[in-house]
Amino acid sequence: MVCLVSRTGRQSQRYNKGRRQVVGCIPYRLKISSDGTITDEFEVLVISSQKGHALMFPKGGWELDETIEEAASRESLEEAGVVGNVERQLGKWDFLSKSRGTFYEGLMFPMLVKEELELWPEQHLRQRIWMKIDEAREACRDWWMKEALDVLVQRLYSPSLKPMEEDKTIPLISIC
């Protein structure tokens, strides 16, 4: 089951020491070549902001009725229309909200994409673009998301830091 409406409002959002907690994912996959074969090069999915002026990774408020992994998965579904395995947290960053002028706490996760949906809640508000990692790092607006991408790159290309087996796919039924 897929919910085709994004959650709205901030009355159920989590805060830590007065800072709104936002969670997100860096969706990634192995690149598919023009002949349809899977390569050994990774791509990441960036999305446009709602106003379309910036590129970023899907993220949004962590709500009281969900785990952090459910929130990260929900945001990726709502904003980017992708479903996959949410892996070990990449880190936590404190950043200044450009629109609100207050500090937020951002927590990012990698998501190995298993499915790209044709219909998703914010498909008319955002564009999604698969990019090479270096292109995405250059295009991404937010410094803290670039740092999260750097952590992901280290993890993907270091044998000792590969994703762990306990990484999980969050069932869509629990997202709505």
Side-chain angles (χ1 to χ4, degrees), residues 1-30 42-47 49-50 55-95 97 103-117 119-123 125-126 128 130 133 136 140 142 144-158 160-176:
M1 178 172 124
V2 175
C3 191
L4 292 179
V5 177
S6 295
R7 289 186 175 197
T8 58
R10 297 207 171 148
Q11 63 275 11
S12 298
Q13 304 239 322
R14 293 178 188 254
Y15 289 81
N16 181 23
K17 298 178 185 166
R19 295 178 181 204
R20 180 172 172 240
Q21 293 181 298
V22 297
V23 297
C25 283
I26 300 177
Y28 74 96
R29 69 179 183 190
L30 285 169
F42 289 101
E43 294 179 307
V44 293
L45 184 67
V46 295
I47 59 169
S49 63
Q50 284 189 351
L55 295 177
M56 63 189 66
F57 299 111
K59 61 110 177 91
W62 176 15
E63 300 199 357
L64 297 170
D65 67 342
E66 58 193 354
T67 67
I68 194 168
E69 293 87 0
E70 288 171 339
S73 183
R74 175 181 52 77
E75 289 296 337
S76 296
L77 171 72
E78 288 178 358
E79 295 186 354
V82 292
V83 178
N85 295 344
V86 175
E87 300 170 352
R88 281 191 332 266
Q89 185 175 317
L90 295 167
K92 179 171 61 171
W93 291 265
D94 289 328
F95 66 95
S97 166
F103 280 95
Y104 285 12
E105 181 179 89
L107 303 106
M108 292 296 286
F109 295 83
M111 173 189 272
L112 178 58
V113 173
K114 298 295 185 187
E115 186 178 2
E116 204 172 334
L117 304 175
L119 300 173
W120 72 95
E122 298 186 17
Q123 72 185 43
L125 300 173
R126 301 178 187 274
R128 59 183 179 190
W130 285 102
I133 289 172
C140 185
D142 299 313
W144 65 280
M145 287 188 178
K146 290 180 185 199
E147 285 189 8
L149 181 59
D150 291 344
V151 175
L152 175 59
V153 168
Q154 244 184 344
R155 191 178 290 176
L156 290 175
Y157 291 102
S158 173
S160 64
L161 298 174
K162 290 282 186 199
M164 295 175 64
E165 290 186 27
E166 80 266 2
D167 296 339
K168 41 190 142 172
T169 300
I170 306 299
L172 289 180
I173 194 112
S174 69
I175 293 172
C176 296

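Between M111 and S76, the shortest heavy-atom contact is CE-CB, 3.8 Å.
Considering only heavy atoms from C-beta on, W62 stays 4.5 Å or farther from V22 through its side chain. In this structure, the side chains of Y28 and L112 come closer than 4.5 Å at one or more pairs of heavy atoms. The side-chain heavy atoms of E105 and K17, taken from C-beta on, include no pair separated by under 4.5 Å.
Atom CD1 of I26 is separated from atom NZ of K59 by 13.0 Å, given to the nearest 0.5 angstrom.
Partner of F57 under the side-chain contact (heavy atoms from CB on, under 4.5 Å) criterion, chosen from L149, L45, I47: L149. Among the candidates V151, L152, V86, V44, the single residue satisfying the side-chain contact (heavy atoms from CB on, under 4.5 Å) test with P110 is L152.
Legend: residues meeting side chain to side chain contact (heavy atoms under 4.5 Å, CB included) with Q89, ordered by chain and number and at least two apart, are I68, K92, L107, F109. With sequence neighbours left out, D150 forms a side chain to side chain contact (heavy atoms under 4.5 Å, CB included) with R137. In this structure F95 satisfies the ring pair (Phe, Tyr, Trp, His ring centres under 6.0 Å) test together with Y104, W144, sequence neighbours excluded. Listed by chain and residue number, R29 satisfy the side chain to side chain donor-acceptor pair (under 3.5 Å) test with E43 (two or more places apart in sequence, or in another chain).
Between E79 and R126, at least one side-chain nitrogen of the basic residue sits less than 4.0 Å from a carboxylate oxygen of the acidic one, meeting the salt-bridge criterion.
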